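Please read the structure below before turning to the comments.
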Amino acid sequence: MHGTLAKRAFRIVLIKPSHYDRDGYVIQWWRSTLPSNSLASVHGLVVECAQNRVLGPDVDIEVEACDECNTIVDVAGVAKRIRAAGGGMVGLIGVQSNQFPRALDLGRQFRAHGLNVVMGGFHVSGCISMLPSLPSDLQEALDLGIHLFAGEAEGRMADVVRDVAAGKAKPIYNFLSDMPEMAAAVYPILPRSVVTRVAGHYSSFDAGRGCPFQCSFCTIINVQGRKSRYRTPDDVEAIVRANAAQGITRFFITDDNFARNRNWEPILDRLIELREREKFNIRLLLQVDTLCHRIPGFIEKSARAGCTAIFLGLENINPESLMGAKKRQNKIWEYREMLLAWRAQKVMTYAGYILGFPTDTPETIARDIEIIKKELPIDILEFFYLTPLPGSEDHKKLHMAGVPMDPDMNKYDLEHACTGHPLMSKAAWEKVYADAWTRYYTDAHVETIMRRAVVSGINRTKVLDSLTMFSSASRIEGVHPLQFGFFRRKLRTQRRYGMPIVNPLAFYPWRFVDFVKVCSQWARVILRYRRMMAKVAKDPASRTHFDEALRPQGVHGETDHFVEVFADKIPHTHGAPVMPVRVPAAAAG
Ligand code: B12
Ligand code: SF4
């Protein structure tokens with residue numbers, strides 16, 4: 001009978017691991033800046049298991065979740081809570097390659113406490129999807145008794161939880177050949193207490209998975225597939241309502257390319273309705289491709305639905321590099337038109353730029369960054385090393401050919417040179433990366449971006465804050481802005497496995513000096529940029545500011561200067577500009 005059932009509990013602790021800085025300390029913050037959608041997804045699935053009482057009517061499934069980027073993981077505390085519940089498991093969530101060494105260290109500690117550990121995410125899925133045999137790091141995890149999960153967990157979580165609870169979990173779960181449908185799938189959700197650890201209280205969801213394109217540096221197509229799968233507008237509305245019920249209305253929609261989501265229009269219409277009729281204060285951050293402006297109404301509706309910023313995979317402006325990486329869909333001659341279309345809707349643009357394509361040299365990179373500054377109205381440009389990420393075609397090719405790659409997965413964060421470059425030494429490549437940030441974020445260009453923001457009516461505070469973070473995170477904190485947060489924490493005792501724990505008498509004085517130095521560097525940038533923005537905002541000339549990057553494209557039939565620079569590298573595909581034949585001076589003469 002109902003009331004007489006003996007109650008038991010099974011505690012599931014979900015941890016999204018971070019990774020290590022160059023000194024071996026975990027990269028974590030008082031507040032992080034971006035939410036983890038992997039954590040939200042798996043949390044949603046485990047909560048469903050709890051609601052459905054998948055371990056039987058007498059077992060309460062208790063769930064806790066944390067993102068190590070903004071929360072210190074207390075291993076002994078977790079072990080104590082699981083033991084107090086009478087059993088449970090630790091899930092290491094959404095582990096990317098760069099997070100694998102940290103995840104392994106956490107797993108090792110939890111295993112030493114005798115706990116069940118299951119790990120999933122792109123490193124496990126990418127390696128199993130692309131490599132002919134298990135790499136040694138995954139084998140090490142198995143040897144520690146950690147269970148690996150490859151593929152997506154929608155529709156599979158209950159089985160995993162049951163297996164673990166019964167002590168019958170498999171070493172490897174592999175669902176890579178069977179992608180779950182997204183329509184009506186359980187949706188990502190996190191409790192407010194986890195979301196508020198992200199600055200700005202952003203949460204996230206994916207409205208679709210999979211991508212039809214074929215970029216050779218990308219892992220997504222080999223893990224989530226090239227067939228796109230989508231959530232329904234009803235599900236998206238349910239996600240937004242569930243979050244709004246706990247006061248969360250800002251979302252990072254993590255689709256790699258929301259413009260290719262077949263349901264983009266009904267989804268945006270639904271969000272527009274929620275905003276305009278029910279006054280939900282929705283704010284969206286979207287990832288889109290460089291062709292999205294060609295989709296009628298896409299940009300306008302995104303803005304009406306609350307989109308205030310987009311991430312764009314610009315990757316490079318040299319068509320030769322783009323073709324080499326099979327990023328054929330990026331048409332450089334349309335970049336400005338696309339960027340101006342977003343500006344017209346007062347949406348801020350963040351563009352990713354990859355350094356180290358085979359034909360890149362320090363000179364061509366310097367030239368290209370100067371061209372971007374002058375001719376493309378991008379607000380924030382962020383740089384990455386071209387990296388053979390496990391799970392990508394690039395990685396597989398190098399692996400199969402036996403080309404040396406850095407064995408330390410902690411470095412596969414797109415902030416390190418992980419393999420050789422045909423034209424640049426490692427030192428030259430590293431210098432190019434460091435210089436790229438300072439070359440783009442000169443005071444003169446920062447001021448131009450501020451003037452462009454004023455004249456285009458883009459939120460000044462947002463631009464100012466982003467300029468502050470992106471110009472200096474790499475230089476001051478030694479981390480990419482996408483991994484940045486507010487107030488770095490370094491725990492003396494949480495150091496990379498194998499590195500010594502420093503004596504407190506040496507650690508705390510070092511940490512004090514380190515902290516004060518970093519704070520004063522930030523204070524200087526913050527003050528300088530704030531003064532600059534105040535000056536720009538006061539200057540009447542800002543309201544009529546105009547420069548080459550804001551000139552509408554080709555209105556008088558002329559070709560952009562930067563398109564001319566790359567004229568001989570543009571493939572003659574449909575829609576490409578036809579360049580006038582250049583007659584050599586001698587022949588003309
Ligand atoms: C949103 C996003 C971010 C966000 C949020 C991170 C997050 N994971 O949510 C931000 C901006 C912070 C980010 C940053 C970075 N990212 Co990112 N990111 C993505 C993106 C676009 C979506 C992630 C997502 O939500 N996927 C959907 C979830 C549900 O999939 P999933 O994580 O695989 O989880 C499913 C399964 O794996 C499984 N599963 C996962 N964990 C577990 C655990 C258990 C116990 C079980 C049973 C199952 C299970 O179930 C889940 C549900 O089906 C992906 C690309 C992609 N399409 O996934 C890149 C991606 C994950 N990122 C990548 C990279 C490299 C980075 C950065 C290192 C680089 C950079 N500088 O940008 C940083 C790292 C910083 C950090 N702290 O994470 C790579 C990782 C490749 C690799 N081999 O490591 C990817 C794949 C993109 C790419 N370039 O190929 N990223
Ligand atoms: S990099 Fe972006 S566009 Fe290219 S295949 Fe990956 S997800 Fe698709």
Side-chain angles (χ1 to χ4, degrees), residues 33 200 285 308-312 314 317 335-353 355 365-383 432-477 480-482 484 486 518-553 560-562 565:
T33 47
L285 185 58
T308 52
I310 53 153
F311 277 119
L312 265 172
L314 196 71
I317 57 170
Y335 280 0
R336 194 190 298 158
E337 190 186 334
M338 177 266 305
L339 292 162
L340 287 174
W342 284 107
R343 292 192 87 77
Q345 299 298 327
K346 304 186 181 4
V347 174
M348 198 178 154
T349 48
Y350 295 78
Y353 203 77
L355 306 172
I365 288 173
R367 176 201 64 191
D368 296 351
I369 293 174
E370 293 305 334
I371 290 179
I372 292 176
K373 283 161 64 176
K374 201 162 156 257
E375 303 190 34
L376 292 178
I378 290 166
D379 297 308
I380 301 296
L381 194 62
E382 42 174 335
F383 302 97
V432 157
Y433 177 81
D435 288 352
W437 295 100
T438 42
R439 182 175 284 282
Y440 185 76
Y441 294 99
T442 57
D443 278 0
H445 192 57
V446 166
E447 191 174 320
T448 302
I449 296 170
M450 290 176 177
R451 287 188 192 277
R452 288 179 191 160
V454 171
V455 75
S456 307
I458 297 177
N459 186 314
R460 289 175 207 170
T461 314
K462 204 172 169 68
V463 171
L464 177 60
D465 291 348
S466 303
L467 282 170
T468 308
M469 278 190 288
F470 280 77
S471 65
S472 308
S474 183
R475 179 176 55 87
I476 298 180
E477 303 276 3
H480 193 278
L482 283 189
F484 176 70
F486 298 107
V518 165
C519 288
S520 69
Q521 283 176 308
W522 277 119
R524 279 204 295 273
V525 182
I526 291 169
L527 277 177
R528 199 169 77 242
Y529 280 14
R530 253 149 234 268
R531 276 199 209 112
M532 213 188 275
M533 184 54 110
K535 185 187 93 182
V536 166
K538 243 176 53 201
D539 183 357
S542 301
R543 278 180 279 284
T544 50
H545 172 82
F546 186 76
D547 63 54
E548 181 62 17
L550 298 177
R551 183 172 59 79
Q553 197 149 7
D560 281 323
H561 162 255
F562 92 98
V565 171

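A quick note: this is a predicted structure, and the numbers were derived from the prediction, not measured. In what follows, residues are counted from 1 in the order of the sequence shown.
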Any salt bridge linking Glu370 with Lys373? Criterion: basic side-chain nitrogen under 4.0 Å from a carboxylate oxygen. yes
Which heavy atom of Tyr529 sits nearest a heavy atom of Leu467, and at what distance? CE2-O, 3.6 Å
Set of side chain to side chain contact (heavy atoms under 4.5 Å, CB included) partners for Ala434, sequence neighbours left out: none
Quick check: do Ile372 and Tyr335 have side-chain heavy atoms less than 4.5 Å from each other? no
Heavy-atom closest pair (Glu477 atom, Val518 atom, distance to 0.1 Å) is OE2-CG1, 3.4 Å
Run the numbers on Lys346 and Asn459 for side-chain contact (heavy atoms from CB on, under 4.5 Å), then give the verdict. CA-CA 8 Å; Lys346 304 186 181 4; Asn459 186 314; over 6 Å; no
Any chance you could measure Asp435, atom CG, to Ile369, atom CD1, to the nearest 0.5 Å? 8.5 Å
Can you pull out every salt bridge (Lys or Arg N to Asp or Glu O under 4.0 Å) where at least one residue sits in residues 529-541? Sequence neighbours excluded, please. Glu447-Lys535, Arg451-Asp539, Asp465-Arg530
Least distance between heavy atoms, Ala473 atom then Pro481 atom: CB-CA, 3.9 Å
Contacts of Arg528 meeting salt bridge (charged side-chain N to carboxylate O under 4.0 Å, His left out) (sequence neighbours excluded), chain-then-number -> Asp443
Can you find a heavy atom in the side chain of Thr33 that is under 4.5 Å from one in the side chain of Met469? yes
The test is side-chain contact (heavy atoms from CB on, under 4.5 Å); show your working for Thr544 and Val455 and say whether it passes. CA-CA 6 Å; Thr544 50; Val455 75; 5.8 Å; no
Partners meeting side chain to side chain donor-acceptor pair (under 3.5 Å) with Arg543 (sequence neighbours left out): none
First locate atom CD of Gln345, then atom CD1 of Ile458, and finally report the distance between them rounded to the nearest 0.5 Å. 11.0 Å
About how many Å separate OG1 of Thr349 and CG of Asp379, when rounded to the nearest 0.5 Å? 4.0 Å
Measure the spacing between CD1 of Ile449 and CE of Met533 and express it to the nearest 0.5 Å. 10.0 Å
Sequence neighbours excluded, the answer for side chain to side chain contact (heavy atoms under 4.5 Å, CB included) partners of Ala549 is Pro377, Arg452, Asp547
Does any part of the side chain of Ile380, heavy atoms only, come nearer than 4.5 Å to the side chain of Tyr441, both counted from C-beta? yes
Given the options Ile365, Leu312, Ile378, Asp368, Tyr353 meets side-chain contact (heavy atoms from CB on, under 4.5 Å) only with Asp368
Nearest 0.5 Å, please: how far is OH in Tyr433 from NE2 in His480? 4.5 Å
Can you tell me how far apart CZ (Arg460) and OG (Ser542) are? Round to the nearest 0.5 Å. 8.0 Å
With heavy-atom distances below 4.5 Å as the criterion, would you say the side chains of His445 and Tyr440 are in contact? yes
Please enumerate all residues that pass ring-ring contact (aromatic ring centres under 6.0 Å, His included) together with Phe484, with sequence neighbours excluded. Trp29, Phe486, Trp522
With Ser456, which residues qualify under side chain to side chain donor-acceptor pair (under 3.5 Å), at least two apart? Arg343
Scan for ring pair (Phe, Tyr, Trp, His ring centres under 6.0 Å) pairs involving residues 530-551, sequence neighbours excluded, and state none if there are none. none
Could you tell me if the side chain of Ser471 sits less than 4.5 Å from the side chain of Val525, heavy atoms only? yes
Side-chain touch Leu376/Ile317, heavy atoms, less than 4.5 angstrom: yes
Going by side chain to side chain contact (heavy atoms under 4.5 Å, CB included), name the residues that satisfy it together with Ala309, two or more places apart in sequence or in a different chain. Leu285, Met348, Tyr350, Lys462
Mind checking side chain to side chain donor-acceptor pair (under 3.5 Å) for Gln521 and listing every partner two or more places apart, or none if nothing turns up? none
Does the pair Glu382 and Trp437 meet the rule for a side-chain contact (heavy atoms from CB on, under 4.5 Å), with working shown? CA-CA 8 Å; Glu382 42 174 335; Trp437 295 100; 3.9 Å; yes
